[in-house]
Visitor: 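If you scroll down you'll find the structure; I have some questions about it.
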Number of protein chains: 2
Amino acid sequence: MSNLDQVRVASRSTEVTRAALIKAATAVFAEYGYDGGSVRLITQKAMANQAAVNYHFGGKDGLYREVLLAATRAFEENAFLDAEELDALSPEGALRRYLHQFLLPLVKRDRVCRYLRIFAWESVKPSETFSAFIAQSPPRIFRLAERVVRRFLPQESSSETVTFAMLWLAQQPMFFVREAERLAKPPFSLKFDDDALERLVDTLTGLSLRGLAGF
Amino acid sequence: MSNLDQVRVASRSTEVTRAALIKAATAVFAEYGYDGGSVRLITQKAMANQAAVNYHFGGKDGLYREVLLAATRAFEENAFLDAEELDALSPEGALRRYLHQFLLPLVKRDRVCRYLRIFAWESVKPSETFSAFIAQSPPRIFRLAERVVRRFLPQESSSETVTFAMLWLAQQPMFFVREAERLAKPPFSLKFDDDALERLVDTLTGLSLRGLAGF
DNA sequence: TTGAAATTCAAACGGCTGTTTGAAGCGAAA
DNA sequence: TTTCGCTTCAAACAGCCGTTTGAATTTCAA
């Protein structure tokens with residue numbers, strides 16, 4: 001169909017611009033937050049016209065929605081740590097694996113790290129867009145943490161206790177990743193290379209393991 | 001001296017305006033952050049003229065500096081938990097006391113809670129004003145945490161290990177206080193009354209105690 | 001090559017920002 | 001009562017914000 005071809009070809013060019021805008025927006029929103037990140041800066045980084053955001057995404061909010069969608073997918077879909085893999089390990093092994101995986105952004109400051117920064121912004125000032133996202137299902141980092149801690153807790157534990165322990169575990173790596181830049185400066189001066197990461201994983205695994213094993 | 005009287009009386013009126021502005025600014029910056037909190041909203045809440053901020057504080061930044069100064073003093077000067085008190089307790093008692101004290105804002109959402117929110121904003125986008133503040137001395141919550149964990153760690157522990165453990169402990173109550181509003185909503189739905197606070201303190205004390213005691 | 005649809009573009013819009021300005025109000029000393 | 005600082009005030013300033021607009025350009029089927 002000529003009509004379909006038109007749509008396909010047109011959308012190819014569209015996808016190039018859209019991808020560039022989403023990539024630029026991810027970096028900008030990660031650095032300045034949603035309110036602080038301006039459309040002018042995003043379009044400038046993406047080498048696109050200001051109006052492109054409204055043309056392709058209906059506005060700044062629509063673009064942000066796409067960024068959150070990509071971030072969520074990156075955490076949900078990629079197989080870098082799935083539930084089955086955790087279950088196959090011993091409780092101790094699963095705990096260590098969990099901590100190691102979510103501390104990785106400390107040394108590999110990549111795309112995932114930008115997504116975590118966006119989540120950090122959302123923890124200070126939640127946007128309705130993001131709230132709608134997590135309302136449908138808790139972020140993966142929490143679901144996996146619950147899976148890990150449940151293997152340590154007795155069957156009869158109250159759901160409140162499970163939630164406390166799950167949050168307690170989940171926020172440990174989140175803290176170090178989120179605060180990495182601040183911790184690198186005085187008075188802490190923690191520089192995270194591969195070795196330091198291993199030592200941190202060792203320390204946190206030990207602390208959490210003994211804490212959880214006592215239940 | 002007539003000159004002194006002039007100064008005194010003039011500064012009395014000045015102090016009223018200054019105090020109202022600082023109070024309003026604390027609330028606004030806590031809710032919207034430094035960038036997001038507008039001078040117009042602050043002066044409106046303080047029932048002062050817009051220009052008053054520049055007249056009394058030299059600008060928005062000067063007003064923010066005063067807010068941070070008050071926040072720092074509230075944490076540093078008040079005797080609601082001092083180092084000597086911690087040292088007088090058993091290691092376990094000190095740990096519990098520490099967690100309880102810094103989880104209190106969960107149920108008493110007061111001025112201290114607003115200060116914590118400002119610190120949360122700073123953790124996402126540190127301002128130079130705040131960085132200069134904490135560079136001169138680590139916040140009290142970290143100094144006390146170090147004091148608590150040092151009693152569990154062997155003498156020969158590396159300073160890195162001490163720092164890891166200290167941060168690990170310190171961010172536990174900070175997380176729950178900072179995320180209180182989010183945790184109150186689905187999918188977590190944690191409402192913190194006095195009883196729930198006690199249960200949380202119990203859980204965290206148990207988890208941390210067993211973790212630290214293993215060193 | 002023509003024509004119509006999709007996309008880009010520069011410019012402008014209204015609104016909000018922090019700050020500046022110069023006059024007006026005020027209280028106490030002379 | 002007059003005078004003189006200190007403080008307040010409404011208005012205006014320049015600048016950035018997200019969005020809209022309508023024309024120019026590009027794209028590609030016919």
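The structure presented is a predicted model; accordingly, all values stated were derived computationally and were not measured. Every heavy atom of this structure was used, including side-chain atoms; hydrogens, water molecules and symmetry mates were not. Each chain gets a letter, A, B and so on, in the order the sequences are listed, and its residues count up from 1.
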Visitor: Considering non-hydrogen atoms only, spot the tightest contact between B/Val53 and B/Leu63 and give its length.
Guide: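 Reported closest heavy-atom pair: CG2-CD2, 4.1 Å.
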Visitor: In whole Å, I'd like the distance from the NZ atom of A/Lys60 to the C1' atom of C/dC16.
Guide: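 Checked: the NZ to C1' distance equals 13 Å.
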Visitor: Looking at B/Phe119 versus B/Tyr115, is the centre-to-centre ring distance below 6.0 Å?
Guide: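 Not under 6.0 Å, so no.
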Visitor: Out of D/dG18, C/dG18, C/dT8, which nucleotide sits closest to the side chain of A/Val39?
Guide: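 Closest nucleotide to the A/Val39 side chain: D/dG18.
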Visitor: Side chain of A/Ala51: nearest nucleotide among D/dG18, D/dC6, D/dT21?
Guide: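 The listed nucleotide nearest to A/Ala51's side chain is D/dT21.
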Visitor: Would A/Arg65 and A/Asp61 pass as an ion pair if we require N to O under 4.0 Å?
Guide: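 Yes, charged N to carboxylate O under 4.0 Å.
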Visitor: Distance check: side-chain N/O of B/His56 vs OP1/OP2 of D/dT8, anything under 4.0 Å?
Guide: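 For D/dT8, OP1/OP2 do have a side-chain N/O of B/His56 under 4.0 Å.
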Visitor: Quick one: which of D/dC17, C/dG18, D/dT20 gets closest to the side chain of A/Asn54?
Guide: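 So the side chain of A/Asn54 is nearest to D/dT20.
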Visitor: Would B/Phe188 and A/Phe142 count as a close aromatic pair, with their ring centres under 6.0 Å?
Guide: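 Aromatic pair counts; centres sit under 6.0 Å.
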Visitor: Are the charged groups of B/Glu15 and B/Arg18 less than 4.0 angstrom apart, N to O?
Guide: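 A salt bridge is present here (some side-chain N lies under 4.0 Å from a carboxylate O).
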Visitor: Taking atom C1' of D/dT19 as reference, at what distance in whole Å does atom CG of A/Asp61 sit?
Guide: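 The answer, rounded to whole Å, is 13 Å.
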Visitor: Would you mind classifying the nucleic acid contact of A/Gly62 as base, sugar-phosphate or nothing, using non-hydrogen atoms under 4.0 angstrom?
Guide: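 Here A/Gly62 touches no strand at all.
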Visitor: Would you kindly give the CD-to-C1' distance between A/Gln44 and C/dA10, to the nearest whole Å?
Guide: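 Result: 15 Å.
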Visitor: In whole Å, what is the span from the CD1 atom of A/Ile42 to the C1' atom of D/dT19?
Guide: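 To the nearest whole Å, that distance equals 14 Å.
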Visitor: Can you work out whether B/Met47 or A/Gly59 has the more 5'-proximal nearest nucleotide on DNA chain D?
Guide: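 Comparing both residues, the 5'-ward one is B/Met47.
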Visitor: Quickly work out the A/Tyr32 OH to D/dC17 P distance and round it to whole Å.
Guide: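 Atom OH in A/Tyr32 sits about 11 Å away from atom P in D/dC17.
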Visitor: When you get a sec, tell me which of C/dT17, C/dA10, C/dA12 is the closest nucleotide to the side chain of A/Gln50?
Guide: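 The listed nucleotide nearest to A/Gln50's side chain is C/dA12.
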Visitor: For B/Tyr55 and C/dA23, what is the distance between atoms OH and C1' respectively, to the nearest whole Å?
Guide: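 Result: 15 Å.
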Visitor: Using a 4.0 Å heavy-atom cut-off, does A/Gly36 contact any base of the nucleic acid, only the sugar-phosphate backbone, or nothing at all?
Guide: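 Nothing, no nucleic acid heavy atom in range.
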Visitor: Give a yes/no answer on whether the side chain of A/Ser38 brings an N or O atom under 4.0 Å of OP1 or OP2 in D/dC17.
Guide: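 Indeed, a polar side-chain atom of A/Ser38 lies that close.
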Visitor: On DNA chain C, does the nearest nucleotide to A/Arg40 precede the nearest nucleotide to B/Gly37 from the 5' side, or the other way round? Give the residue.
Guide: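 Its nearest nucleotide being more 5', the pick is A/Arg40.
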Visitor: Over how many whole Å does the gap from A/Phe57 atom CZ to D/dG18 atom C1' extend?
Guide: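 Nearest whole value for this atom pair: 16 Å.
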Visitor: In whole Å, I'd like the distance from the CG atom of B/Asn49 to the P atom of C/dT21.
Guide: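 Atom CG in B/Asn49 sits about 15 Å away from atom P in C/dT21.
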Visitor: For B/Ser13 and C/dG27, is the shortest distance between a side-chain N/O and OP1 or OP2 below 4.0 Å?
Guide: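 Result: no.
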